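Chain letters run A, B, ... following the sequence lines, proteins first and then strands; every chain starts at 1. It should be emphasised that the depicted structure is a prediction, and the values quoted were computed from it without experimental measurement.
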Amino acid sequence: MVNARSKGDRIVDIIIIIVMIFLGVIMLYPMLYELMVSFSEPAELIRHRGLLIWPLGFDTTAYQLVLSNHQILTGYANTLFILVVGLVINITLTCLGAYCLTRVHIYWHRLMTMFVLITMYFSGGLIPMYLTVRGLQMYNTLWSVIIPTAISTYNMIILRSYFSSIPESLVESVFIDGGGHMTVLFKIFIPLSLPAMAVMVLYYGVGHWNSWFNANLYLQDRSKWPLQLVLRNILIEGSNLDLGGAVVADYEMLAKSLKAAMVIVTTVPILVIYPFLQKYFVGGMMIGSLKE
Amino acid sequence: MQLKKFCAVLLAMMLIVSCLACGNDSGNSKSESSAAGSTSKAETGDESQAADPSDPYAAEDFAYPMDGTVTLSINMTPTAEAELPSWVKGHYFWDVVQEKTGVNLEFIGSASSPQETSEAFSLLLTSGEYPDIMQANWITFKGGPAAAIGDGYIIPLNDYKQYFPALATLLEENEDYNKMVSMDDGTWFCFPHLKRDESQIGTGFAVRQDFLDQIGEEAPQTVEEWYNVLTKFKTELNLSAPLTFESRWLFLEYATAGLSSPWGVCYPFYLDGDTVKFGPLEEGYKEFVTEMAKWYSEGLIDRDLAAVDKSTVQSKFASGEAGIALQQIRNIQNCIVANEGDANYKVTGLNSPVMNKGDEPQMSHYTNTFDGGTATSISTQCENIGAAARFLDYAYTEEGSLFETYGEEGFSWDYVDGVPTFKEIITNNPETPDSQAARYFVSNYQNWSIRVIDAMSHLQPETLEIQKTFFAHMEDYAYPTVTYTDEEVDTISDWNDIDTTCRERILGFILGNEDLSNWDSFISEIEGMGIQDVLAVRQAAYDRYQAR
Amino acid sequence: MAKNKKSGATKGKGRKPGAIRLDFQKNKAVYFMFLPVVIFYITFHYYPMSGIILAFKDFKPALGIWGSPFTGDFGFEHFIDFFGSSHAARTITNTILISFYQIIFGFPMPIILAIMLNELHNRKFKKVMQTVTYFPHFISTVVVCGMLTEFCLSDGLFNQIGGFFGAEPVSLLSQPKYFRTIYVASGIWQSMGWDSIIYLAAIAGIDTQLYEAASLDGAGRFRKIWHITLPGIKGTIVILFIMAIGKMMSVGSEKILLLYNPSTYQTADVISTYVYRKGLLDQDYSYSTAVNLFNSVINFVLVFLANALSRKLTETSLF
């Protein structure tokens, strides 16, 4: 019986592996393509059409241009600051909010939920937000890109839904032992939700890493710009160079490999994070171990 | 608040001074600006200087640099000090320009891509704190420059022309320029960015000369010859895209005017004498579309016409899949550079086709000398209008204009045979690759300037030769940059829907998605949407423009 | 996971003020913990919401939000403008259809992917696959659309594959009938790995003992998926589904602007691209605020309905 089952299983396994490899190829290729483009000769790229299997020639001009920019380093530093400080604030507030929203027996529960949800659908837009940030004296400080996005309602709802799968009996037992809500949150909910916490770190973290829009609005000093904005600006400044002549032509030739080099320079560091977080996705040990 | 009041008082005082000087009696500033605008041309110049001899910015013997005590704020973000390559230090454009003019600039806010800028710009206006010098597209600003002045963002400049003699002289000596950059009532609202000659026609046809040689044909001139050559490209050389260009260009202002030139029409609005016309309403446009549909169905036009973008067109022309391409001159040059190793690869420029042998090509790509997208004004919160105007005026002086086009003489360029030419540090800089070097010396982001005529001379000679073939007589047909009245703005906003319908249907006719027998229904559809009203408004605005 | 709070809510309605005080005394700590969250939302969401009023006004920056004058037609001019335009109906239909296909085809994909990843036995392979599938999320839309345009040309990759099976080459992005497929499929490709992370986390929260017990009972792979995995992540699925319904009216403009052209307007032109094109002509902040407000209201109503339905059918709900 065991044999029969594993035979069927093996066929399914093989099917899954084949599908996975197919998916892997189409998901990996664009990144490889960018890598190859970034090292290709700009002139060759112009003549080329279609897929790339190997870089066309070998040329590092694009990387030179990106890395010769002295602000890349400050960009990295700013992004790192925003990422770390931002994450601490994000995670703290999101956990507090998500926990409170799981307390379904309190009187104002429904109101609290609506209070949070409405903001997902209605927003005042750019201008009042900008005035608020200015009014709070955050304008042109790194706080302007950290505080206004401290909670993503979407993420908080996801975390709430994870939290609410934790059996209420565990909460009761803490109360019986004389613990309060803080104890429940930190001793029970967070340790039991490590996979969800990893998702939060990933979603918020990548969000901070990729964001440039708010920085563009709120940060005047270029020394405060995060990496993405610095890079965007290299591209934009280059293409705004309106001489109509050879200078721009040269630049445009380079544009394709330059964009690709930027994708590589910005993406690689953040890609490294994921494998570290993956260990928290290992199936179900948490609740199982605690229930014993 | 106090600042505003102060400015208002200052403004009022200055107005009174200048008005007393020219002996005009006038009331509030709004209605007066027009009066002053028209009369000042003749008289104000000398007399207002005499009115206040202690004003250093109006003095006859004013010379750059100023004394360095004035700080002016401006909404833009130049490259940060830390970002500059080390060899640039001390020669960076924005540092040098401050040195040369003798003002200190305080940069606030950012200026990125046009769309982001427009957002950042609304925010700037909302904040209530305006920089001394404001850069914006006042033409697309709601209500146009008139609203910008009326709502109190920027000041009319006519009464301060003693502070910007170079620009004032340029405008007064050149009727055409003056018309373009004034409002209908003659008010000057900005320090314009003026394009000239080469920088106005940057798009045109290029043909593979070696392909022409292979099929034994000359460069085609008439529509018939074009058809013949393209057919041979298709049948004899088996090209997959004998003629290629971006379809969206069909609907950009004058981008494909060259193609419809034989029929004497183009999209969207153009001038026929003093009459404003809308291409698709003309019989010639239907004939043009019919011909294009025929070409497309026979495979003479790129099958992917609707989908190709700039870089695909470039690749197709560079890789030999296309015989004729309509591209920007810089992309044509890219194609040539990319094939430098290939001795066979030869490209020549093609002028717009004509209907009959011997006709002269009429229409081509064209950008208005002043397109409004780039205009710089002095804000109502500016405390030192004299210094601000002097600073901006520097760009229109002979020295300034050379500096803004090429950078510092001796450092980034020199005269070679009397022609300003970039030096090695720009063209072949080991530290900053691919001519990026130039961006630190020229007026990148600067929206007030007039570039010296042969600024394009750093195109390669071969490409320059190609560009010369593009010139037709489009300046006679191009609809200028106009301003609309408040009532007209509502009508004009219908244009968006009409434009959408036109793009969709016309491209559909060419691609064969829709049969040409439906043309009349298309015309009645856009008439129903109010094209005649839009046309009438365009005509009225043009008439006012002519009357400036 | 199922939020069985219905009884609590109905009980709440009948309570007297005294009960509110009692509740506060009992749950002080919870309200106190919620305070920072409330402060955040009031400062950065509710206070700036005053901007919504601009939908009914003619925004003039110099006059500010409150000082700007109301528009004609009792403040509804922008709305009348939008609905009166000859393309309004089409853009609304296109927006809803694209969202609809995104939900039908796009929503289940991350769930399937997560379950498949969970079924991989080789730890290393699983980790690599997880990482690889989330790569596309990091490639910017501009780059993705550039590649996509290239692939869709009549001599591009898709046509080469089609040609292998004997299909005639077509210029895919010039035909209205292919646009939605291309848009939705590429969207799935871009986001399915990234979105599957939530489900992977939810699966990781399932008690492993359940699987062991099922194995002992002789349950096969599919029965375990059906009876343990799916019920285990049902709550997450339902919540995300309701939230996806609430995005029905918001199809972003960036990607469509890069992929469409006049020949595909018929199926590709959505509300956001329409507003974008209008904005190029005259920068009107309050007009886009008005259109956004319309979208928000529809989205909110949809979420409300989806939530009510879900509470009835699955006993799980967003609120």
Side-chain angles (χ1 to χ4, degrees), chain A residues 5 9 12 16 19-20 23-24 27-28 30-31 51 93 96-97 99-100 103-107 110 112-117 119 121-125 127-129 132 148 150-151 154 157-158 161-162 164-165 180-181 195-196 198-199 202 259 263 267 274-275 278 281-285 287-288, chain C residues 1 3 5 8-9 12 20 23 27 29-30 33-34 36-37 40-41 43-45 47-52 65 116 119-120 127 129-136 138-139 143 147 157 189 193 197-198 200-201 203-209 220-221 235-236 239 243 246 289 296 299-300 318-319:
Chain A
R5 213 184 67 209
D9 258 10
V12 177
I16 291 178
V19 172
M20 278 295 161
L23 280 179
M27 301 252 179
L28 187 62
M31 201 55 106
L51 296 173
L93 285 178
L96 283 177
Y99 174 77
C100 295
R103 303 298 88 210
V104 294
H105 297 300
I106 65 175
Y107 187 73
R110 210 145 178 214
M112 281 155 61
T113 315
M114 288 311 290
F115 176 79
V116 166
L117 276 176
T119 63
Y121 299 96
F122 297 96
S123 91
I127 287 176
M129 194 66 176
T132 308
I151 300 177
Y154 186 85
I157 299 291
I158 290 171
S161 107
Y162 204 95
S164 52
S165 69
H181 287 282
V199 173
L202 199 63
K259 270 182 212 157
V263 171
T267 314
Y274 195 33
Q278 273 174 350
F281 290 101
V282 176
M285 56 205 203
I287 290 188
Chain C
M1 191 151 298
K3 304 184 83 278
K5 60 185 165 56
I20 295 175
D23 167 78
N27 299 310
V30 177
M33 282 163 79
F34 202 59
V37 179
F40 167 81
Y41 275 104
T43 320
F44 294 105
H45 287 275
Y47 175 67
M49 257 185 219
S50 59
I52 289 177
I65 292 171
M116 272 168 51
E119 292 297 317
L120 289 176
K127 274 194 167 183
M129 284 312 302
Q130 271 184 38
T131 312
V132 166
T133 51
Y134 100 142
F135 272 15
F138 291 90
I139 299 183
V143 175
M147 296 179 73
L157 178 72
W189 170 82
I197 292 172
I198 299 177
L200 282 173
I203 291 173
I206 298 171
D207 192 344
T208 33
Q209 288 173 353
R221 186 199 295 263
T236 310
I239 296 288
M243 288 205 278
T289 310
S296 298
N299 280 339
F300 195 64
L318 197 52
F319 49 86

Choice from A:Thr132, A:Thr267, A:Thr113 maximising heavy atom contacts with chain C below 4.5 Å
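Among the listed options, the one with the most contacts to chain C is A:Thr132.
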
Looking at A:Ile127, A:Val263, A:Leu28, A:Val199, which has the largest count of heavy-atom pairs under 4.5 Å with chain C?
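Greatest number of close heavy-atom pairs with chain C: A:Ile127.
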
Top contributor to chain A interface from [options] [non-hydrogen pairs under 4.5 Å]:
options                                : value
C:Glu119, C:Met116, C:Met147, C:Gln130 : C:Gln130
C:Pro136, C:Pro36, C:Pro48, C:Ala29    : C:Pro48
C:Ile197, C:Thr43, C:Ile139, C:Asn299  : C:Ile197

Side chain, backbone, both or neither of [X] within contact of chain A (heavy atoms, under 4.5 Å):
X        : answer
C:Tyr47  : side chain
C:Phe138 : both
C:Val30  : both
C:Ile52  : both
C:Met129 : side chain
C:Met33  : both
C:Leu200 : both
C:Ile198 : both

Structural part of [X] lying under 4.5 Å from a heavy atom of chain C:
X        : result
A:Ala150 : both
A:Tyr99  : side chain
A:Thr119 : both

I'd like to know whether C:Leu318 forms a side-chain contact (heavy atoms from CB on, under 4.5 Å) with C:Ile239, so could you lay out the CA-CA distance, the side-chain angles of the two residues, the decisive distance to 0.1 Å, and finally the verdict.
CA-CA 6 Å; C:Leu318 197 52; C:Ile239 296 288; 3.7 Å; yes

What's the separation between atom [atom1] in [X] and atom [atom2] in [Y], rounded to the nearest 0.5 Å?
X        : Y        : atom1 : atom2 : result
C:Thr131 : A:Met27  : OG1   : CE    : 12.5 Å
A:Tyr107 : A:Met112 : OH    : CE    : 14.0 Å
A:Gln278 : A:Leu202 : CD    : CG    : 9.5 Å

Donor-acceptor under 3.5 Å (A:Tyr162 side chain, C:Ala201 main chain):
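Present.
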
Main chain of A:Ile106, side chain of C:Asn27: is a donor-acceptor contact present, judged purely on distance under 3.5 Å?
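Side chain of C:Asn27 to backbone of A:Ile106: no pair is present.
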
Start with the C-alpha distance between A:Arg103 and A:His181, add both sets of side-chain angles, then the distance that settles side-chain contact (heavy atoms from CB on, under 4.5 Å), and finish with yes or no.
CA-CA 10 Å; A:Arg103 303 298 88 210; A:His181 287 282; 4.0 Å; yes

Full working for ring pair (Phe, Tyr, Trp, His ring centres under 6.0 Å) between A:Phe122 and C:His45:
CA-CA 8 Å; A:Phe122 297 96; C:His45 287 275; over 10 Å; no

Close side-chain approach of C:Val37 and A:Cys100, heavy atoms under 4.5 Å:
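No; the side chains remain at least 4.5 Å from each other.
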
Does any non-hydrogen side-chain atom of A:Ile151 lie less than 4.5 Å from one of C:Phe44?
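No; the side chains remain at least 4.5 Å from each other.
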
